[in-house]
Amino acid sequence: MQDIEKDLALQQEKLRQWVEIPDGKEGYCPVKGDKILALDIQYTEDFAHIGGDFFEWQGKSIGTFAGVVRASVPYIPSYFCFREGPPLLSFIEYLQKQLSIVPQLIIIDGHGIAHPRKLGVACWIGIATKIPTLGCAKDTLVHYQGELGEAKGSRVPVLVDSNLVGYVLRTQDGIKPLFVSPGHLVSLETSVEIVLSLPGEYRIPDPLRNADQAARHHAKKSQEFPYQDIGEIGEVKPFFYI
DNA sequence: GCGACAG
DNA sequence: ATCTTGTCGC
């Protein structure tokens, strides 16, 4: 392993001690009207185009936003949080400061604790913001065992160091599953229930698809898909490099 | 040694 | 994640 990776792995081991994952029905549980933010990023060279879909739990859409910030850290598998975390944090802080909207829950395109060192990007964002987060990824980083049922809602546990950290979750009948895990302040059970309750008839829940579309169109300077352009989001600061 | 590897 | 054409199907 490279020295850089050793250092990043150590950072993750240190950050991990701040992560709080409640049990069962404890921790954050959304109630009607809670504000939820779904986030995704598209890249063009060294720029991170961030899309954010803001909506009320079991309620109306608040708005879809997109902005851009320089992504200065390279992507290294399992160290994704250091590349994607800072840009996402800048985006969240911008919405908070400039638009006065603070989410009660953040849904991230990536993993929470279903990660080799139990520190995915959703955990990173949760620690940085102190806001409950959960991760929703299209592929897994850790191996799992078991046969997944075909029906929506079927799930297979994902273990790391023999601890239950996430689920392979069928979000639509007969469709390739998603990988769901809590990031911070939400239980695994609640994370799964939240994802299954999100609107949409596709593998990826609508809020994440909207965030993806906004980011994608922002990267192409297109407004075909409706979103509020918040332009350039200052510089990203390196966090947690203690 | 080789392949796999969130986005 | 991105580079890329057509094509099959609802």
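Protein chains get the first letters and strands the later ones, always in sequence-line order, with residue 1 at the start of each. This is a predicted model, so every value here is computed, not measured.
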From [atom1] of [X] over to [atom2] of [N], roughly how many Å is that when rounded to an integer?
{"X": "Lys220(A)", "N": "dC3(C)", "atom1": "NZ", "atom2": "P", "answer": "9 Å"}
{"X": "Tyr43(A)", "N": "dA6(B)", "atom1": "OH", "atom2": "C1'", "answer": "10 Å"}
{"X": "Asp46(A)", "N": "dG7(B)", "atom1": "CG", "atom2": "P", "answer": "20 Å"}
{"X": "Leu134(A)", "N": "dA6(B)", "atom1": "CG", "atom2": "C1'", "answer": "14 Å"}
{"X": "Arg216(A)", "N": "dC3(C)", "atom1": "CZ", "atom2": "P", "answer": "9 Å"}
{"X": "His143(A)", "N": "dC5(B)", "atom1": "NE2", "atom2": "P", "answer": "7 Å"}
{"X": "Lys138(A)", "N": "dC5(B)", "atom1": "NZ", "atom2": "P", "answer": "15 Å"}
{"X": "Ile76(A)", "N": "dG7(B)", "atom1": "CD1", "atom2": "P", "answer": "16 Å"}

Closest to the side chain of Phe80(A), out of dG7(B), dA1(C), dC5(B), is dG7(B)
Which one, dC5(B), dA1(C), dG7(B), comes nearest to the side chain of Leu141(A)?
dC5(B)
Which residue, Leu95(A), Ile101(A), Ile62(A), forms the side-chain contact (heavy atoms from CB on, under 4.5 Å) with Leu37(A)?
Leu95(A)
Do the side-chain N or O atoms of Gln42(A) get closer than 4.0 angstrom to the phosphate oxygens (OP1, OP2) of dG7(B)?
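Result: no.
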Does a nitrogen or oxygen in the side chain of Arg83(A) sit under 4.0 Å from OP1 or OP2 of dA1(C)?
no
Looking at Tyr202(A), is Arg209(A) sitting on its ring face, NZ or CZ under 6.0 Å from the six-membered ring centre and within 45 degrees of the normal?
yes
Is the base of dG7(B) stacked against the aromatic ring of Tyr75(A), taking ring centres under 5.5 Å apart and planes under 30° as the test?
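Yes; centroid distance and tilt both under limits.
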On a heavy-atom basis, which atom in Asp109(A) and which in Lys138(A) lie closest, and how many Å separate them?
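Reported closest heavy-atom pair: OD2-NZ, 3.1 Å.
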Within 6.0 angstrom of Gln17(A) CD, more than 12 heavy atoms from elsewhere:
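Enclosed: over 12 neighbouring heavy atoms sit under 6.0 Å from CD of Gln17(A).
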